[in-house]
Amino acid sequence: MSNLIYSAGRQLDKLLLDAYRAASAEGLLPPDAELTGVSEIPRDPANGDYAATHAMAAARAMRRPPRAIADALTKHIELGGSYFESCAVAGAGFMNFTLSDKWYSDVLRAVETEGSGYGRSDFGGGERVMVEFVSANPTGPMTIGNARGGVLGDALASVLDMVGYRVHREFYVNDAGNQVELFGKSVEARYMQLCLGEDAVKFPDDGYHGDDIRELAADIYGREGDSLAALPERVRVRRFIEIGIPRNIGLMRAHLERYRIRFDEWFPESRLHESGYVDETMRLLTDGGLTYEKDGALWLKNTELGADKDEVLRRSDGSYTYQAVDIAYHRDKFAARGFGRVIDVLGADHHGHTVRFSAMMKSPKLRSALGITHGELEFLLMQMVLLKRGAEVVKVSKRTGKALTLNDLLDEISVDACRFFFNAKPDTHLEFDLDLAVRQDSENPVYYVQYAHARICSLIAALGADGCAVPDARDIDVSVLRGAPERELIKQIALLPEEAIQAARDRDPSRINRYVVELSARFHKFYTACHIRGEREDVLKARLKLADTTRRVIAICLGVTGVTAPERM
RNA sequence: GUGCCCGUGGCGCAGUUGGAUAGCGCGUCAGACUCCGACUCUGAAGGUCGCAGGUUCGAAUCCUGUCGGGCAUACCA
């Protein structure tokens, strides 16, 4: 679990502090000032591998020009045996450092030693975190929105795992409630239309108009004929729900499997009802003095928990609202299952809900009433996908039934392209042009990255045929990798552990995509500039090792994103 | 009305614990393969970072105001 970027930065901070002590002991700088500043990697490599801003930051406290401070520090800095080989003062008072061979060598060794575990860290400290995502209603097929949410949740979970959290992937199945009832009624109406004719049966105004509902009804009609028509309507609706919902859940499971997403748990809402957990949760709220009855309904005193208005928990007809069930569900996540952190990935259209719900779940009154002693709830909101076919905007709506489903999408576009493309920054709108995305060529960055991987594999195979295997890191001389293309490539390789931590911290797994595109770009540049086959032996071995190291890191990144790393294309 | 998100070359986007001349891809133009995979690489053109103030050695980044776009504000989920 090495992080050479972090190690070098820490070491630099210490070198600067020692230099300051030495300089002040000699009277060059005032003593007792606090030396602060950041050591960072400059955008432009012409400004060194690391740049320190300490001299500028200390200018005011030390009452000296920044450059004078920088000169004094530079004079006393002791670089021998460190990860740095030189220091130069530049600009307004920047101190620019260059990395030594030892550092480059350690990077290659770290990847070799850690193998597929390279990039991992203990940033998360083993905390148990649940990522709940997709959780699509089982009332119909999953949509493009679920395609995005699926990749986002899955990749986020992978990134969290990478930085040392214990991750649990969960799909919450809304197999109870109004939407399910409406689903049953919709199928029932279609079935009765088959029995009695289209015009004889009115379809519910707010019903599901999708073709999948018609198909399901037709399927049942094909098997059962009109034998169900004699049953009472309520029983018939019940029957269609019992047939349709499990069937849809099975389809979702299969389609997600195709999309390479697997959940640790499919948690059915019905379990919360059947076990009496929702009832019990409501009782706890009432015992905690957080509810009251009005107009025949049970209300939550949400205003006392910081909200604008109170909310209904149990309707006047006795059924529970989504809100009530969700409180019970989260009580289960925290109090019963003991997760230290729960991240719910949702579409941005749930924004209103998340604001109210987070405030509620933070409130000490509600937590103590529910027996939640620890654990934090987060929402990761994902902006909507704007689906286009050329210039035409494709509407995504389950109601109209004209939505393009996840499965349809995967018929048109490779899983790799989909997973890579949908892994975009969560909080930005994503414009997805089908006409563009179906093209499986260099338009899509995933091919650029996969090509780099395949290219390295074929290179290694060719050299292997020459009798030249990839050497061990200790058997190569990194000092022959002195060119800018080699150094820039190694620096990018060293960045992965840090990049993973940032991706996890920002809840933005798309950082890994951008990272691996940049890594591939640097590899292609290296490959073009630096020939390998037929070079002098020490050069050949060092470059071959670098290429192989790159291959490993690309494969790790693609694994996080859920994209395959092909050996040939 | 209120709350949250987003305004960065023609298009799509990086870059926000404040750092040096604001980057990348596509597109446009000009180049590079007798050689490890041309699904690649090199170079050029293209910007008042929505607008206006403020904070300081320094602002795309922080603060205030303002304009534009999206989403949300149910006894739906």
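None of these values were measured; they are calculated from a predicted model. Lettering of chains follows the sequences in order, A, B, ..., and the numbering in each one begins at 1.
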When you match A:Arg314 and A:Ala52 each to their closest nucleotide on RNA chain B, which lands nearer the 5' end?
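Per heavy-atom nearest nucleotide, the more 5' residue is A:Ala52.
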Could you say whether A:Gly177 or A:Glu567 is positioned toward the 5' end of RNA chain B, judged by the nucleotide with the nearest heavy atom to each?
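Looking at the nearest nucleotide for each, A:Glu567 comes out on the 5' side.
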[N] - base-pair partner by Watson-Crick or wobble geometry, distances under 3.5 Å:
| N | result |
| --- | --- |
| B:A52 | B:U64 |
| B:A14 | none |
| B:C71 | B:G3 |
| B:U34 | none |

When the aromatic ring centroids of A:Tyr448 and A:His524 are compared, is their separation below 6.0 Å?
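Between A:His524 and A:Tyr448, which both carry aromatic rings, the centre distance is below 6.0 Å.
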Aromatic ring proximity A:His351/A:Phe379, centre distance under 6.0 Å
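So the answer is no for these two rings.
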When you measure from the centre of the six-membered ring of A:Tyr320, is the NZ or CZ of A:Arg315 under 6.0 Å away and within 45° of the axis?
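No.
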Check whether any side-chain nitrogen or oxygen of [X] sits under 4.0 Å from OP1 or OP2 of [N], and answer yes or no.
| X | N | value |
| --- | --- | --- |
| A:Arg514 | B:G25 | no |
| A:Lys525 | B:U40 | no |
| A:Asn174 | B:A77 | no |

Should A:Asp508 and A:Arg514 be marked as a salt bridge (charged side-chain N to carboxylate O under 4.0 Å, His left out) after you check the CA-CA gap, both sets of side-chain angles, and the distance that decides it?
CA-CA 11 Å; A:Asp508 179 11; A:Arg514 291 190 289 276; 3.3 Å; yes
Remember a base hit wins even if backbone is also touched, and classify A:Ala348 as base, sugar-phosphate or nothing at under 4.0 Å, heavy atoms.
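Sugar-phosphate, backbone atoms only, no base.
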Under 3.5 Å, is there an N or O donor on one side and an acceptor on the other linking the side chain of A:His351 and the base of B:G3?
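Under the 3.5 Å cut-off, the side chain and the base do form a donor-acceptor pair.
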